[in-house]
Amino acid sequence: MEFSFEDFKNRAADKNLSKWEKIGFPDAYRKGKEADIFQDIAEKLQLKKENQNILDIGSGCSELAELLIKHAATSNSKLFLIDSAEMLDNIDRSNLHSNVILVPGYFPKIKNFNETYSGKIDAILAYSVIQYVFLEQSIFQFIHACIDLLQPGGRLLLGDIPNYAARERFLNSAAGSEFKKNAESAHTDLALNHENRERIDDSVVFSILSRFRNFGCETYLLPQNEKLPFANRREDILIIKR
């Protein structure tokens with residue numbers, strides 16, 4: 001079963017967990033790989049531009065958040081990091097600077113945030129987040145709230161989506177069979193311990209792509225860079241507000 005927001009708060013406060021375990025991953029899945037993840041995100045969100053307003057929803061406390069913080073400094077961009085207070089407390093305060101604003105809370109139920117920044121955000125990232133939204137609230141309401149924050153031309157990346165159907169297609173392929181053999185020899189658990197109704201599948205992914213085109217956006221289903229840890233079985237959705 002997937003973690004809830006409360007589960008992540010508890011993990012964030014657990015001093016026995018690494019920064020990757022706090023955000024729900026074994027160290028082997030993320031440690032040493034987040035620079036590649038950041039580069040993939042930066043290309044899709046066009047983060048090379050300067051003086052942007054960037055929002056990371058469910059930012060966590062791992063190296064990915066640290067890389068975004070460094071990017072905000074070098075690009076003179078304002079960065080908003082939204083997560084629980086417990087998770088944000090794990091971010092190294094020595095890395096923070098005036099361009100970074102920590103926003104504790106449960107998006108989109110954060111007092112005055114959406115009203116204050118409506119139509120003012122250039123890029124929004126929700127990475128390895130949408131599956132938890134899918135279980136806890138309306139996925140469409142969440143995305144609509146994100147789009148309301150974007151200015152025209154702004155980009156929303158729903159990244160690292162664990163599409164169960166895509167995963168099964170891969171695991172049933174020749175490449176997937178080899179992957180499973182390697183995973184078994186490395187004692188890696190590939191099991192998904194949740195029911196079908198709790199899984200994101202093709203129907204959910206394509207409903208997002210279709211729905212938000214009807215609300216004046218362009219939507220794209222994108223592969224991940226092959227260097228990324230889940231590139232063979234996860235995908236991204238890019239939404240551009242017109």
Side-chain angles (χ1 to χ4, degrees), residues 1-42 44-45 47 54-73 77-97 99-110 113 121 123-137 139 142-143 145-146 149 156-162 200 224-225 227-231 234-237:
M1 185 167 180
E2 301 286 9
F3 296 121
S4 68
F5 186 71
E6 290 299 318
D7 290 332
F8 278 114
K9 288 170 65 175
N10 292 333
R11 294 179 73 84
D14 189 340
K15 295 181 179 180
N16 294 316
L17 298 180
S18 71
K19 55 187 174 183
W20 297 283
E21 290 171 328
K22 289 177 187 292
I23 63 172
F25 292 99
D27 289 0
Y29 283 9
R30 282 289 192 95
K31 187 176 183 180
K33 300 177 175 68
E34 293 195 327
D36 289 330
I37 293 174
F38 173 76
Q39 288 302 319
D40 192 54
I41 290 168
K44 290 169 179 172
L45 285 178
L47 296 185
I54 303 167
L55 169 61
D56 186 359
I57 301 172
S59 62
C61 60
S62 66
E63 289 175 357
L64 185 55
E66 295 168 7
L67 289 165
L68 282 165
I69 290 169
K70 291 178 182 177
H71 170 77
S77 294
K78 183 175 289 187
L79 173 64
F80 302 90
L81 299 178
I82 294 180
D83 213 316
S84 68
E86 291 84 354
M87 191 68 75
L88 295 176
D89 282 344
N90 287 283
I91 293 177
D92 187 350
R93 292 307 192 265
S94 67
N95 292 330
L96 298 181
H97 48 84
N99 287 9
V100 179
I101 300 173
L102 303 181
V103 185
Y106 182 85
F107 186 87
K109 299 176 181 180
I110 300 175
F113 185 86
I121 305 296
I124 299 177
L125 174 64
Y127 202 82
S128 297
V129 165
I130 203 68
Q131 63 267 37
Y132 305 114
V133 173
F134 182 66
L135 291 178
E136 289 203 317
Q137 58 172 293
I139 195 170
F142 176 91
I143 298 171
C146 291
L149 288 168
L156 164 64
L157 184 65
L158 304 174
D160 207 38
I161 301 170
I200 292 178
Q224 295 186 345
N225 187 293
K227 294 181 181 180
L228 273 58
F230 296 111
R234 293 195 180 189
E235 53 200 0
D236 300 343
I237 292 177

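Just so we're clear, the structure is a prediction, and the values are computed from it rather than from any experiment. Numbers for residues simply follow the sequence, beginning at 1.
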Test your reading of the model: is there a side-chain donor-acceptor pair from Lys19 to the backbone of Ser62, 3.5 Å cut-off? no

In this structure, CG of Leu45 is separated from CG of Asp56 (nearest 0.5 Å) by 9.5 Å

To the nearest 0.5 Å, how far apart are CG in Leu96 and CD1 in Ile101? 11.5 Å

Nearest-0.5 Å distance that lies between atom CG in Leu81 and atom CD1 in Ile57: 11.0 Å

For residues 63-73, which side-chain N or O atoms pair as donor and acceptor with protein atoms under 3.5 Å away, sequence neighbours left out?
unit_1 : atom_1 : unit_2 : atom_2 : d
His71  : NE2    : Leu47  : O      : 2.9
His71  : NE2    : Ser75  : OG     : 3.4

Side-chain contact, heavy-atom cut-off 4.5 Å: Ser84 with Phe5? yes

Working to the nearest 0.5 Å, report the span between CG of Leu17 and NZ of Lys22. 5.5 Å

How far does CD of Gln39 sit from NZ of Lys227, to the nearest 0.5 angstrom? 8.5 Å

Would a 4.5 Å heavy-atom cut-off, applied to side chains only, mark Ile139 and Ile130 as touching? yes

Testing the basics here: between Ile54 and Ser77, what is the closest heavy-atom pair and its distance to 0.1 Å? CD1-CB, 4.0 Å

Test of ring centre spacing under 6.0 Å for Tyr29 and Phe230: yes

For the CD1 atom of Ile121 and the CZ atom of Phe113, what is their distance to the nearest 0.5 Å? 5.5 Å

Under the criterion side-chain contact (heavy atoms from CB on, under 4.5 Å), I'd like the reasoning laid out for Tyr132 against Asp7: C-alpha separation, chi angles, the key distance, then a yes or no. CA-CA 11 Å; Tyr132 305 114; Asp7 290 332; over 6 Å; no

For Leu88 against Leu102, the heavy-atom pair lying closest together: CD1-CB, 4.1 Å

Phe107 and Phe142: aromatic ring centres closer than 6.0 Å? yes

Verify side-chain contact (heavy atoms from CB on, under 4.5 Å) between Val103 and Ile82, making sure each step is shown before the conclusion. CA-CA 5 Å; Val103 185; Ile82 294 180; 3.7 Å; yes

Within the 4.5 Å heavy-atom criterion, are Ile23 and Arg30 side-chain neighbours or not? yes

Among all residues two or more places apart in sequence or in another chain, which pass the salt bridge (charged side-chain N to carboxylate O under 4.0 Å, His left out) test with Glu6? Lys9

Sidechain-backbone polar pair: Asn90 side chain, Glu86 backbone, donor-acceptor under 3.5 Å: yes

With side chains defined as the heavy atoms from C-beta onward, is the minimum distance between Phe25 and Pro229 less than 4.5 Å? no

Check step by step if side-chain contact (heavy atoms from CB on, under 4.5 Å) holds for Asp36 and Asn225. CA-CA 8 Å; Asp36 289 330; Asn225 187 293; over 6 Å; no

What are the two closest non-hydrogen atoms of Asp83 and Gly60, and how far apart are they? OD2-N, 2.9 Å

State, to 0.1 Å, how close Cys146 and Leu156 come at their nearest heavy-atom pair, and which atoms those are. CB-CD2, 3.8 Å

Within the 4.5 Å heavy-atom criterion, are Gln224 and Ile37 side-chain neighbours or not? no

Under 3.5 Å, side chain of Lys33 to main-chain N/O of Ala28, donor-acceptor pair present? yes

According to salt bridge (charged side-chain N to carboxylate O under 4.0 Å, His left out), who are the partners of Arg11, at least two apart in sequence or on a separate chain? none

Side chains of Lys44 and Asp236: closer than 4.5 Å at any heavy-atom pair? yes

Nearest heavy atoms of Ile200 and Gln131, plus distance in Å: CD1-CA, 3.7 Å

